[in-house]
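Below: one structure, written as structure tokens.
Quick note on labels: first sequence line is chain A, next is B, and so on, each numbered from 1. The structure presented is a predicted model; accordingly, all values stated were derived computationally and were not measured.
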Amino acid sequence: MRLQWKLTVASLKMFTRQKEAIIWTMLLPLFMVFLFGFVSFEGLGTVQIGVAGGKAEPAGGLVGRLGEVQTVRVTRGTESSELEQLKAGRRHLVLVLPEQFHAASGKELRVLVNDGTPEETQLGLLILRKVLDDETFRMHRAPGRVPMTLQSVASRRSSYIDFLLPGVLSLAIMQSGIFGVAFGFVALRKRGVLRRLSVTPMRPQDFIAAQVAMRLMVLLAQIVVLVGVGIVFFDLQFLGSLLDLFAMGLLGGAVFLAIGFFLAGIARTEDQVVPLANVVSLPMMLLSGVFFSRSNLPEPVRLVTEFFPLTYLADGMRSIVLEGSTLPTLWLQLAGLALWSIVSVWAAVKVFRWE
Amino acid sequence: MILAVDNLCKSYGDLVAVDRVSFSVRRQEIFGILGPNGAGKTSTLEMIETLRPIDSGTVTLDGLDVRRHPRQVQQRIGVQLQSTSFFEKLNLRELLLLLGELYGRVVDPLELLGDVDLQDRAKAQVEQLSGGQQQRFSVAAALVNDPLLIFLDEPTTGLDPQARRHLWGVIRRIRSEGKTVVLTTHYMEEAEELCDRVAIMDRGRIVADAPPQKLIGNLLASGFKKERVERLANLEDVFLHLTGHALQEE
């Protein structure tokens with residue numbers, strides 16, 4: 001244990017004395033948060049409409065037509081579950097349909113409206129009105145109005161920065177795992193440092209353990225720094241527990257460190273590492289919902305990105321930060337990351353080369 | 001006898017790099033393996049150092065079979081590799097402390113640096129040292145585990161004459177402290193001046209193995225005469241004379 005500890009301390013010293021490393025792991029993610037945080041990318045995305053009740057609605061009715069509108073995504077649920085989603089900021093409107101509802105039934109439609117997202121809500125209401133009017137006209141051959149009551153619901157104020165920061169944090173964990181390990185290890189091998197170590201009685205696993213321990217410590221520091229900056233400078237609403245965030249981060253870190261070692265195993269030189277690491281990390285960086293919600297992706301792509309390790313990590317981190325989720329409710333993300341860590345550790349061991 | 005090498009062989013594909021090499025080294029000896037580049041010196045050394053698998057033959061070091069007890073052998077030897085590089089961003093003191101830990105030892109870095117005349121560079125990083133200083137540091141790094149035997153692979157290659165002589169002084173001092181030194185070189189005068197015994201290696205084979213004076217004596221006894229009369233001084237002597245003391249830091 002003493003040896004591992006000394007090796008870890010020495011690795012930390014080497015790491016913190018490297019200006020590039022600090023820039024990559026701390027300043028670059030911060031820079032991203034500042035950049036994207038000040039440029040408002042919120043814009044108009046998809047209008048999320050939840051539908052509750054109205055089980056006996058005839059086919060091709062209101063819900064079906066709403067779903068055909070390009071910018072609308074319809075989700076069905078019970079009134080209470082959809083209300084929860086609305087409060088969590090994941091729905092812009094929730095329609096509560098009475099029994100046997102259709103456009104000409106004369107029954108009143110109750111609409112729960114998200115307070116915190118005026119643009120999407122307004123757009124959603126316009127679309128809803130239009131669809132209802134068309135339906136009425138189609139059935140009566142004459143204009144008519146479906147009675148509607150609007151009910152405002154205070155949702156958690158959720159700004160883009162709240163969405164962005166946990167994503168960038170996950171991205172930073174991925175980048176320092178993959179690039180830091182892959183590049184660093186290949187450089188040590190190329191420069192003959194590992195060869196020099198192999199004439200000592202030190203076992204390779206002691207060295208690997210120290211490298212991993214050092215990287216995980218840096219990862220915890222990344223979490224503290226980014227969340228701290230978010231709270232101080234961006235009024236980040238941090239609802240979860242820091243310990244849960246640490247646990248999720250460490251599991252994600254394990255996956256990406258193993259991927260880093262895997263790449264170090266298959267790359268011969270530093271020059272080969274960079275493109276390899278980019279091939280692995282770029283799709284995740286762009287498609288795992290770090291900067292933009294994955295709900296805007298085309299369906300087949302969205303389905304594939306569901307299984308990316310960065311998606312699990314970013315979703316988990318975001319849920320902890322924004323909704324205060326605890327680990328047991330995030331079992332899907334934890335299981336996904338655990339599976340990935342098993343696969344990537346196995347692959348890394350398979351291709352590992354000391355010299 | 002601290003080291004016995006018997007019928008050691010190594011091939012890389014069709015190339016026979018080390019061909020039935022046998023020699024032995026006595027305690028507190030400076031033993032040189034002299035030969036041109038590609039003669040198989042480094043491959044031989046690396047097999048003894050546990051760095052390279054042995055094709056056939058045996059190496060016995062302090063009574064231990066290297067193939068069967070690599071860990072115990074590693075505890076007993078200090079190694080300087082031909083192109084050694086250390087961790088970046090750590091200073092000499094920190095590097096020696098860390099290397100000591102790898103052997104489970106707490107070393108005194110200043111004493112080790114003193115052994116190689118680097119005590120005033122403890123806070124420097126390896127990249128900041130001159131070539132000669134870097135080589136002396138890697139000798140210090142080979143001493144962290146207080147080894148019985150140290151291996152130096154072409155320690156003076158690329159050094160200027162002063163730095164080379166300085167390193168010779170350091171090596172002699174290490175020997176006088178009771179350690180055995182095995183080194184490779186392709187400099188004739190280094191083998192002649194520094195080594196107690198020399199094995200001359202060519203194309204993977206050892207062609208002679210004796211003290212340098214004896215090898216020269218044998219040659220002269222065979223009736224050999226050099227065509228040109230030896231000058232009483234050469235340009236190296238002139239340089240050393242003009243620039244100061246040989247043992248001074250470059």
So what's closer than 4.5 Å to chain B heavy atoms on L197(A): side chain, backbone, both or neither?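 Side chain only.
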Which atoms of F15(A) come close to chain B, meaning under 4.5 Å heavy atom to heavy atom: side chain ones, backbone ones, both, or neither? neither
Taking the side chain as everything from C-beta on, heavy atoms only, tell me whether [X] gets closer than 4.5 Å to [Y].
X: R203(A); Y: R71(B); value: yes
X: V199(A); Y: Q74(B); value: no
X: F87(B); Y: L188(A); value: yes

[X], [atom1] atom: more than 12 neighbouring heavy atoms under 6.0 Å:
X: W354(A); atom1: CH2; answer: yes
X: K190(A); atom1: NZ; answer: no
X: R268(A); atom1: CZ; answer: no

Quick one: side chains of residues 91-103 of chain B, donor-acceptor pairs under 3.5 Å with protein atoms, not counting sequence neighbours, listed by atom name and distance.
residue : atom : partner : partner atom : Å
N91(B)  : OD1  : R93(B)  : N            : 3.2
N91(B)  : OD1  : E94(B)  : N            : 2.9
E94(B)  : OE1  : R17(A)  : NH1          : 2.8
E94(B)  : OE1  : N91(B)  : N            : 2.9
E94(B)  : OE2  : K13(A)  : NZ           : 3.4
E94(B)  : OE2  : R17(A)  : NH2          : 2.7
E101(B) : OE1  : R2(A)   : NE           : 3.0
E101(B) : OE2  : R2(A)   : NH2          : 2.6

Which atoms of R76(B) are under 4.5 Å from chain A, going by heavy atoms: the side chain, the backbone, both sets, or neither? neither
Identify which of L3(A), V9(A), T16(A), D206(A) forms the greatest number of heavy-atom pairs closer than 4.5 Å to chain B. L3(A)
Given M14(A) and E88(B), is the side-chain contact (heavy atoms from CB on, under 4.5 Å) satisfied, shown in steps? CA-CA 7 Å; M14(A) 289 178 236; E88(B) 284 169 338; over 6 Å; no
Nearest 0.5 Å, what's the OG-CG distance between S198(A) and L81(B)? 7.5 Å
Looking only at atom types and distance, does a side-chain atom of S85(B) sit under 3.5 Å from a main-chain N or O of R191(A), one as donor and one as acceptor?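 Judged by distance alone, yes, a pair lies under 3.5 Å.
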Would you call R195(A) and E46(B) a salt bridge, using N to O less than 4.0 angstrom? yes
